[in-house]
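Structure record follows, encoded as structure tokens.
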Amino acid sequence: MNGLLLEDLPVQVTGESCSLDHYLVQPDETMDGSIRAAREKLGTQAVVLGHHYQRDEVIRFADFTGDSYKLAKAAAQTDAKYLIFCGVHFMAETADILGRPWQQVILPDLNAGCSMADMAEIGQVEDCWESLERLRVTAGDGILPLTYMNSAADIKAFCGERGGLVCTSSSAREAFEWAFQRAGKILFLPDQHLGRNTAFALGIALNEMVVWDPYQLNGGVEPERLRAARVILWKGHCSVHQRFLPEHVDRVRREEPGMQVLVHPECRWEVCQKADALGSTERIIELIEKAPEGSSFAVGTEIHLVNRLARQFAPRGKRVITLDESGCLCTTMYRISPQHLAWTLENLVDGRVVNRIQVDSERKRWARVALNRMLEIKH
Ligand code: 13P
Ligand code: SF4
């Protein structure tokens, strides 16, 4: 596809953009033509990255789809000047951190955040670390901070600067192993469930883990217990995945014999223990893809992905249903609409960069260290 040469256009970070309101009153399906035409004009200068939780009306325009690990790798490897990230804020920040200086990352709706990422603020994490030092929890074999990708850039930088790293749900096991080769303890931010599920799978007993509540003195944990723990889990969670309960697995076992239960490791430990397999969004898709015809699955993850898998695999004789009958929606992922995508693309065609995500150089430096450690340990 031959694109317009945007180098020749007066691109600016802010400026008079076409009104978003004008787009928001148009029906979804009327956006397809505008998106296609803008993509055609932009050619190879712009790539669209789409997380699996995006709605169909958006993800069908993505050049790259994937879980957060795969998208971070794609962002680090593309040569496009503009990266339009159809996902949430921390994913766009990651693309900016891993991208090259001349690349620009755009998040079509700046309100597309992640409630879990918001559960760990840098001031709270610094206070926690100070308390761990004061209580001599960091003494002995030492402690490394490890953060889930679902965190702000300053948390990633905090980990990088202290010898730690970032992981996604598809690299958490390798990240824990890497950290335990270098220290006796891990502070895991911000998802207690992914941390607990990963540590447990590595043979760490539940009583060797404690939960740090940032709203309580010393995290609400006795100093003795903090010193004895091998994993300190930040008290954060995903409100979408925490809705799946062990009862949902029990119901599937009762009503759908033979059905396999696949869940995302952001689900509670009790749910993960009852499931047949855990995996990132990409891994869940892969498991269904590789299963023989006639297989059936109850999937515990975001509803847009589950519904898409149900439609995609039905013609291939595989049945996919949601684990929780009502289905769980990630409202922030849903904020990226075809209208927002058309608006960002048409502005780009006109030489305007709207909704750019930029991480400042100091945070970028250490966050990149933490992200590169992640990319190095998983191939
Ligand atoms: P994945 O990395 O599995 O896509 O998960 C990202 C996420 O936010 C899940 O809630
Ligand atoms: Fe964040 Fe949960 Fe949405 Fe994933 S599903 S982006 S963890 S709120």
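Numbers here simply count residues along the sequence, with the first being 1.
Looking at heavy atoms from C-beta onward, Met259 lies in side-chain contact with Arg319 at the 4.5 angstrom threshold. The shortest distance between side-chain heavy atoms of Phe200 and Met209 falls below 4.5 Å. Looking at Tyr148 and Pro190, their side chains come closer than 4.5 Å, going by heavy atoms from C-beta outward. Inter-residue side-chain proximity for Thr344 and Leu107 is flagged as unmet; no heavy-atom pair is nearer than 4.5 Å. A heavy-atom distance below 4.5 Å is not found between the side chains of Leu187 and Val137. Between Arg365 and Ser361 the shortest side-chain heavy-atom distance does not fall below 4.5 Å. With a 4.5 Å cut-off on side-chain heavy atoms, Cys86 and Pro108 count as touching. Taking 4.5 Å as the limit, some side-chain heavy atom of Asp56 sits within range of a side-chain heavy atom of Arg311.
Closest of all the heavy-atom pairs between Arg100 and Ala76 is NH2-O, 4.0 Å. Taking every heavy atom of both residues into account, Val211 and Val221 meet most closely at O-CG2, 3.3 Å. The nearest pair of heavy atoms linking Asp63 to Ala46 is OD2-O, 4.2 Å. For the residue pair His248 and Arg243, the shortest heavy atom distance occurs at CE1-O, 3.4 Å. Across all their heavy atoms, Leu71 and Leu49 have their closest contact at O-CD2, 3.9 Å. What you find for Ser115 and Ser239 is that their closest heavy atoms are OG-OG, 3.5 Å.
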Arg39 vs Val48, side chain to side chain contact (heavy atoms under 4.5 Å, CB included): CA-CA, chis, key distance, verdict: CA-CA 9 Å; Arg39 302 241 28 219; Val48 177; 3.9 Å; yes
Salt bridge (Lys or Arg N to Asp or Glu O under 4.0 Å) assessment of Arg173 paired with Glu177: CA-CA 6 Å; Arg173 187 186 177 94; Glu177 286 169 342; 3.5 Å; yes
Between Tyr23 and Met31, is the side chain to side chain contact (heavy atoms under 4.5 Å, CB included) condition met? List the steps. CA-CA 8 Å; Tyr23 289 78; Met31 293 295 112; 4.1 Å; yes
Would Lys41 and Glu346 count as a salt bridge (Lys or Arg N to Asp or Glu O under 4.0 Å) here? Give the steps. CA-CA 9 Å; Lys41 285 182 190 149; Glu346 290 196 335; over 6 Å; no
Hey, mind stepping through Leu189 and Cys159 against side chain to side chain contact (heavy atoms under 4.5 Å, CB included) and telling me if it holds? CA-CA 10 Å; Leu189 306 150; Cys159 292; 4.0 Å; yes
Apply the test side chain to side chain contact (heavy atoms under 4.5 Å, CB included) to residues Cys167 and Leu146: give CA-CA distance (whole Å), side-chain angles for both, the deciding distance (0.1 Å), then the verdict. CA-CA 7 Å; Cys167 72; Leu146 203 170; 3.6 Å; yes
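Of the candidates Phe176, Trp212, Trp234, Phe176 is the only one forming a ring pair (Phe, Tyr, Trp, His ring centres under 6.0 Å) with Phe188. With His193 as the partner, the side chain to side chain donor-acceptor pair (under 3.5 Å) test is satisfied by one option alone out of Gln242, His237, Arg268, His241: Gln242. Partner Tyr53 forms a side chain to side chain donor-acceptor pair (under 3.5 Å) with one of Thr301, Thr281, Thr332 and no other, that one being Thr301. When Val252, Leu278, Val299 are each tested for a side chain to side chain contact (heavy atoms under 4.5 Å, CB included) with Val261, only one passes: Val252. Screening Ile106, Thr94, Leu110 for a side chain to side chain contact (heavy atoms under 4.5 Å, CB included) with Ile357, the sole residue that qualifies is Leu110.
Judged by a 6.0 Å distance limit and a 45° cone about the ring axis, Arg230 is positioned over the six-membered ring of Phe180.
Arg196 contributes no side-chain N or O that, together with a main-chain N or O of Asp191, makes up a donor-acceptor pair within less than 3.5 Å. A donor-acceptor pair under 3.5 Å is absent between the side-chain atoms of Glu222 and the main chain of Glu224, judged by distance alone. Counting only distance, with no hydrogens or angles, the side chain of Arg182 and the backbone of Trp178 share a donor-acceptor pair below 3.5 Å. A donor-acceptor pair under 3.5 Å is absent between the side-chain atoms of Gln45 and the main chain of Leu42, judged by distance alone. When atom types are taken as modelled, the side chain of Lys185 and the backbone of Asp141 share no donor-acceptor pair closer than 3.5 angstrom. Under the 3.5 Å distance criterion, the side-chain polar atoms of Gln103 are left unmatched by any main-chain donor or acceptor of Leu83. For the pair Arg335 (side chain) and Gly113 (backbone), a donor-acceptor distance under 3.5 Å is absent. A donor-acceptor pair is defined here as one N or O able to donate and one able to accept, closer than 3.5 Å; no such pair exists between the side chain of Lys70 and the backbone of Glu282. When atom types are taken as modelled, the side chain of Thr78 and the backbone of Ala74 share no donor-acceptor pair closer than 3.5 angstrom. Using a distance-only test at 3.5 Å, with no hydrogens or angles considered, no donor-acceptor pair links the side chain of Asp96 to the main chain of Val105.
Between the CG atom of Leu345 and the OG atom of Ser34 there is a distance of 9.5 Å, given to the nearest 0.5 Å. Once rounded to the nearest 0.5 Å, the distance linking CH2 of Trp343 with CG of Leu348 reads 10.5 Å. Note that CE of Met119 and CG of Asn150 are 11.0 Å apart. Values are rounded to the nearest 0.5 Å. To the nearest 0.5 angstrom, Arg368 atom CZ is 13.5 Å from Lys156 atom NZ. With rounding to the nearest 0.5 angstrom, the CG atom of Leu165 is 8.5 Å from the CD1 atom of Ile186. Between atom CG of residue Leu323 and atom SG of residue Cys267 there is a gap of 7.5 Å, rounded to the nearest 0.5 Å.
A salt bridge does not link Arg251 to Glu247: none of the charged nitrogens lies less than 4.0 Å from a carboxylate oxygen. A salt bridge links Glu286 with Lys290; the closest basic N to acidic carboxylate O contact falls under 4.0 Å. Using a 4.0 Å cut-off between charged side-chain N and carboxylate O, Glu174 and Arg373 make no salt bridge. A salt bridge does not link Lys73 with Asp67: none of the charged nitrogens is closer than 4.0 Å to a carboxylate oxygen.
Cluster membership check: Val125 does not share its hydrophobic cluster with Trp366, using side-chain heavy-atom separations under 4.5 Å among Ile, Leu, Val, Met, Phe, Trp and Tyr. The cluster map of Ile, Leu, Val, Met, Phe, Trp and Tyr, joined by side-chain heavy atoms under 4.5 Å apart, puts Met149 and Met333 in the same cluster. Under the 4.5 Å side-chain heavy-atom criterion for Ile, Leu, Val, Met, Phe, Trp and Tyr, Val231 and Ile155 are members of distinct hydrophobic clusters.
At a cut-off of 3.5 Å, with distance as the only test, no side-chain donor of Gln312 or Arg308 sits close to an acceptor on the other residue. A side-chain N or O of Ser326 and one of Asp324 form a donor-acceptor pair less than 3.5 Å apart.
Residue Arg60 places its CZ atom among more than 12 non-hydrogen atoms of other residues, nucleotides or ligands, all under 6.0 Å distant.
A perpendicular orientation is assigned to the rings of Trp129 and Phe158, their planes being inclined by more than 60° (bins at 30° and 60°).
For an aromatic pair to be called close, the ring centres must be under 6.0 Å apart, and Tyr334 with His304 satisfies this.
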